[in-house]
Amino acid sequence: MSKTLKIAIIATLLVYSCGMLYTYYSNIKFDDRVAFYDTDKNGIIDGKEITKNSAATAKQQTTRKTTKQGAIVLIPFSIIIGCFTYGITFLFRKIKSIDDNEIDYSKRKQ
């Protein structure tokens, strides 16, 4: 396997794993915030639990993405980042090989 492909695969895996870590810890923090406002411990902020402070959390709870959805969304995103990394690494290697193999005509004797 070429070194360029290895770099692209490593970049893809790093983007995916960092994204999954972010969604995992973000969901934990959000669940803690919901548990703080949820006094009857039913998992939903409703009824007498809705106050001025908990209204934003209740609104966000309806549109919140889960870790499972994040795992699916991160797959194409990390592949796209991996492709860009492959292209950039490939181009830099080509530039380096061109610079190394360049003929310097100014130093050539006539």
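When reading the values below, keep in mind they use all heavy atoms of this one structure, side chains included, and skip hydrogens, waters and symmetry mates.
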CG/Leu21 to OG/Ser26 distance, rounded to the nearest 0.5 angstrom?
-> 12.0 Å

Side chains of Tyr16 and Ile75 in contact at under 4.5 Å (non-hydrogen atoms) | yes

Check Gly82 against Ala8 and note the closest heavy-atom contact, atom names and distance.
-> O-CB, 3.5 Å

Residue Phe30 excluded, over 12 heavy atoms near CZ under 6.0 Å = yes

Look at the side-chain heavy atoms of Ile, Leu, Val, Met, Phe, Trp and Tyr, link any pair under 4.5 Å apart, and say whether Ile7 and Ile81 land in one connected group.
-> no

In Å, rounded to the nearest 0.5 Å, how long is the span from CG of Leu5 to OH of Tyr86?
-> 6.5 Å

Measure the CD1-CG distance between Ile9 and Leu14 for me, rounded to the nearest 0.5 Å.
-> 12.0 Å

When rounded to the nearest 0.5 angstrom, what distance separates CG in Asp32 from CG in Asn27?
-> 11.0 Å

To the nearest 0.5 Å, atom CG of Asp100 lies from atom NZ of Lys96 at 4.0 Å

Is Ile79 reachable from Leu74 through a run of I, L, V, M, F, W or Y residues, each pair having side-chain heavy atoms under 4.5 Å apart?
-> yes

Ile95, Ile88: one ILVMFWY side-chain cluster at the under-4.5 Å cut-off?
-> yes

Less than 4.5 Å apart, any side-chain heavy atom of Val73 and any of Phe77?
-> no

